[in-house]
Amino acid sequence: GGRARADIALGGVDRGQPYLQDYFTDENRALKRDPQQDYHLEYAMENSTHTILAFSRELHTCDTNDKPITESTMRVIWAYHHKDLGEAGQNYHGSNRGSKSLRLLNPEKTNIISSSLPYFDLTNKHVPIPEKDTTYWCQMFKIPIHHEKHHVIKVEPLIQKGHESLVHHILLYQCSSNLNDSVLDYGHECYHPNMPDSFLTCETVIFAWAIGGEGFTYPPHVGLSIGTATDPQYVLMEVHYDNPSYLEGLIDNSGLRLIYTPVLRKYDAGVIEAGLWVSLFHNIPPGMPEFMSEGHCTLECLEEALGDERPNGIHVFAVLLHAHLAGRVIRMRHFRKGEEQKLLAYDDAFDFNFQEFQYLKEERTILPGDNLITECRYNTTDRIHMTWGGLSTRNEMCLSYLVYYPRINLTRCASIPDIMEQLYFIGVKEIYKPVRTWPFIIKSPKQYKNLSFTDAMNKFKWSKSEGISYNELVLRLPVNVRCSKTDNAEWSIQGMTAIPPKKEKPYKTEPIICNSSSCLRCNVFLSLLFIACVTICTLGKRGLFV
C-alpha cells in the first residue's frame, strides 16, 4: 500500500478539460512521468461535488515502470487533492489517501439473485471474546429446512459492525445426523479439552469464508443441498477471532446468511479441503526470505474416492487459498500422469487480510489418479523462532478449499511430512518410546536430552544456508496421507505413506511477446469517484475504479 515503486495514473478535470497521464515512483517514492504512456482516458466528468475518471490500460504493457495485472491480489492505492495538477507540479495529498487489496481479474458473477428469496441466518449470540491473541469459537445450529430438498445459492457474511478486523474466518461444518437438539444449547471454545463431544462429529467443511471476502454465489447449475436425509441437519460454525491487541470487553454477534430456493439446480456442490494437515509437523525455520511448503492431495486418495463414485471426475468452479501472516505466495498445482496442467488457482501476492474465493474462468475437471499440490511460500525474516503449523495467526497453514460438483464422499485430501526425518536433520538420534506426551520428548543426543521436539528445533542454530538445506529435505520427504469421508470415516488409504510425485513435465506458461499487437486486452472497468477536483494515484490496472 506504500508509494515506493508504484505504478500510478494521475489525472483530473481542469476548467472543463480532462487530463490523465502515466506516472511511476522509484524506491524513494519520487514521482516521475513515465516515458511510455500506457494509460488511456475513456471518460471524464466533473460537477460541484464529484470528479469521475474512467481509464484503461493493457494487462501487460511490457513497460518496466508498469505493474503487470494478473489474477493475483493487487494492492491499489488512491489519493487526491482539491487542486488540479498545475505548472508547479504535484500537489501533496495529505491525509486524503488510502489503499485496498483487490483481485481485479476475478470473473464477475453475472447471475442475479432475487431479493425476495428466503434465507436463514446462523449467527453467534453475544459471544465474549477473550483478551488473547487467537480464539476459535464453535456454535452448533440446526438447519431449519426439513423433509424437502432445497438449494442454497448464496452465502453472505454477517460481520458485526466494527468487528471487520476481529473476525478472521468462518467455517461451516456438517455434523453427525444422529445428534439431537440438546447440542444447540450453548457454544464453546473450539479445540478445547472441555468442548462437547458432539463437536468431534463435525469434520466436513460445507462452506468457508475469510477476511476481506464478500458473499459467495453459486453458479446457475449448482447449489448447496439442504433438506434431505443425506444433507446437513446439524452444522457447526467455527469463527476465528484475531485479537492481537488483547482488547477487552468485546462481544460479537457475527455469522452467515444462507439464501436458498426450492427451484433445484442440476448439481449438488461439495467442498474438499486440500493441502497440509494443520499440525506441528509443518514447520518453518526463522530468518528465511523464502521457504516453500507443499501439501499433497495424492493420486492414491483421489483414485479411491473418485474411482468409487465419479470415474469421470468432478468439476471445480471456485477455490479459496488460505495461509497466515508469513504467507506470501500460494499456488494450487494440478498434475495428470506426471504432466502438470495449468495452475488451478494462484495468488503471487497473498494478503492475509484479503482472502476471497477465486471463481475459475473455466471449470476444471479432476480425475481419479490426478495429483493436487497446494504450494505455499513464506517469509520469516522478522522471526527468531520456528514458525509452527497451528491455529493462531502467528502459526501457519497451507490450505486450499475446492468448491466443486457433483458432491462425492470426500471432505479432506491432505498430507503431513514425516517428522523423524526432520529431527534427524538437526541431529536428534532417539526419542522416548512409547510416546506419552505431545510434543514428544527427545532421549539423545545430550544437547537435546529431555527437550520436546519443538524446543529442540528452536534450540538448533538456524542459518539461511541451513534453512535452504532443510527446505530441500522437507520437500523430498514421504508424506502421511489424510483422506477423509464426509461421515467422519476414512478411506482405506488414510494414514498410508506416499512419495511426493516427480514433477517430470512442469507446466510452461506462454511467454509475453512485447509488441503492439501482443499485449492482452481486458474489458474490466473500475470506477474512480472522488469529491471535488482530485489528483488520483492508483496501482497498476486497467479501467475505472472507485
Side-chain angles (χ1 to χ4, degrees), residues 118-130 132 134-152 154-160 163 166-210 215-216 223-243 250-260 268-273 278 391 399 401 407 409 411-412 484-489:
Y119 64 85
F120 57 90
D121 295 342
L122 307 177
T123 55
N124 283 324
K125 299 293 187 270
H126 310 297
V127 172
I129 311 305
K132 62 179 183 178
T134 297
T135 300
Y136 282 71
W137 184 262
C138 285
Q139 175 70 54
M140 294 283 261
F141 296 91
K142 189 175 184 179
I143 298 294
I145 310 301
H146 306 289
H147 311 306
E148 187 177 354
K149 181 167 181 169
H150 293 72
H151 269 140
V152 173
K154 185 174 184 179
V155 184
E156 296 177 338
L158 299 175
I159 308 303
Q160 181 174 321
H163 287 187
L166 176 70
V167 181
H168 181 264
H169 75 244
I170 302 175
L171 290 177
L172 200 61
Y173 295 89
Q174 178 174 341
C175 304
S176 170
S177 58
N178 296 324
L179 301 176
N180 58 55
D181 289 359
S182 65
V183 301
L184 306 175
D185 295 339
Y186 55 90
H188 199 281
E189 192 167 344
C190 314
Y191 312 108
H192 190 278
N194 296 328
M195 74 179 188
D197 291 342
S198 58
F199 288 11
L200 299 174
T201 73
C202 311
E203 290 285 338
T204 299
V205 176
I206 59 174
F207 182 74
W209 171 88
F216 180 79
L224 173 62
S225 182
I226 55 174
T228 76
T230 58
D231 293 332
Q233 298 176 42
Y234 294 91
V235 294
L236 181 77
M237 186 174 73
E238 172 192 295
V239 182
H240 173 191
Y241 294 109
D242 185 32
N243 186 17
L250 296 174
I251 304 293
D252 186 66
N253 297 279
S254 299
L256 299 171
R257 171 166 293 172
L258 284 74
I259 301 167
Y260 63 95
D268 294 340
V271 177
I272 296 174
E273 181 183 276
V278 180
L391 301 176
L399 295 170
Y401 292 92
R407 182 177 60 184
N409 195 10
T411 182
R412 184 174 289 111
S484 306
K485 297 181 179 181
T486 57
D487 55 2
N488 304 313

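Just the heavy atoms: all of them, side chains too, but no hydrogens, waters or symmetry mates, feed the values below.
- Here Q174 contributes atom CD and L236 contributes atom CG; the two are 12.0 Å apart, rounded to the nearest 0.5 Å.
- Side-chain atoms of D242 never come within 3.5 Å of backbone atoms of L166 as a donor-acceptor pair (strictly under, hydrogens ignored).
- In the model, N180 has no side-chain atom that pairs as donor or acceptor with a side-chain atom of Y234 under 3.5 Å.
- In this structure, F207 and V235 have side chains that are not in contact, with every pair of non-hydrogen atoms separated by 4.5 Å or more.
- Exactly one of T230, N409, T204 qualifies for a side-chain hydrogen bond (donor to acceptor under 3.5 Å, both in side chains) with T486. That residue is N409.
- For D197, there are no salt bridge (charged side-chain N to carboxylate O under 4.0 Å, His left out) partners at least two apart in sequence or on another chain.
- Shown here is Y191, whose OH atom has more than 12 heavy atoms of other residues, nucleotides or ligands within 6.0 Å.
- With a 4.5 Å cut-off on side-chain heavy atoms, R407 and S225 count as touching.
- When atom types are taken as modelled, the side chain of E273 and the backbone of R412 share no donor-acceptor pair closer than 3.5 angstrom.
- Between atom CG of residue L158 and atom CG of residue L122 there is a gap of 9.0 Å, rounded to the nearest 0.5 Å.
- No side-chain heavy atom of H151 sits less than 4.5 Å from a side-chain heavy atom of I226.
- Residue H169 is tested with Y136, W209, Y241 for a ring pair (Phe, Tyr, Trp, His ring centres under 6.0 Å); the sole match is Y136.
- In this structure, the separation between CD1 on I170 and CD on E238 is 10.0 Å, given to the nearest 0.5 Å.
- Side-chain contact check for M140 versus C175: some heavy-atom pair is nearer than 4.5 Å.
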side-chain contact (heavy atoms from CB on, under 4.5 Å) between F120 and I145, intermediate numbers included: CA-CA 9 Å; F120 57 90; I145 310 301; 4.2 Å; yes
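- For H150, the ring pair (Phe, Tyr, Trp, His ring centres under 6.0 Å) partners at least two apart in sequence or on another chain are Y260.
- Of the residues listed (L224, I206, I259), the one engaging V152 in a side-chain contact (heavy atoms from CB on, under 4.5 Å) is L224, and it is the only one.
- Residue E156 holds its CD atom at 10.0 Å from CG of L256, rounded to the nearest 0.5 Å.
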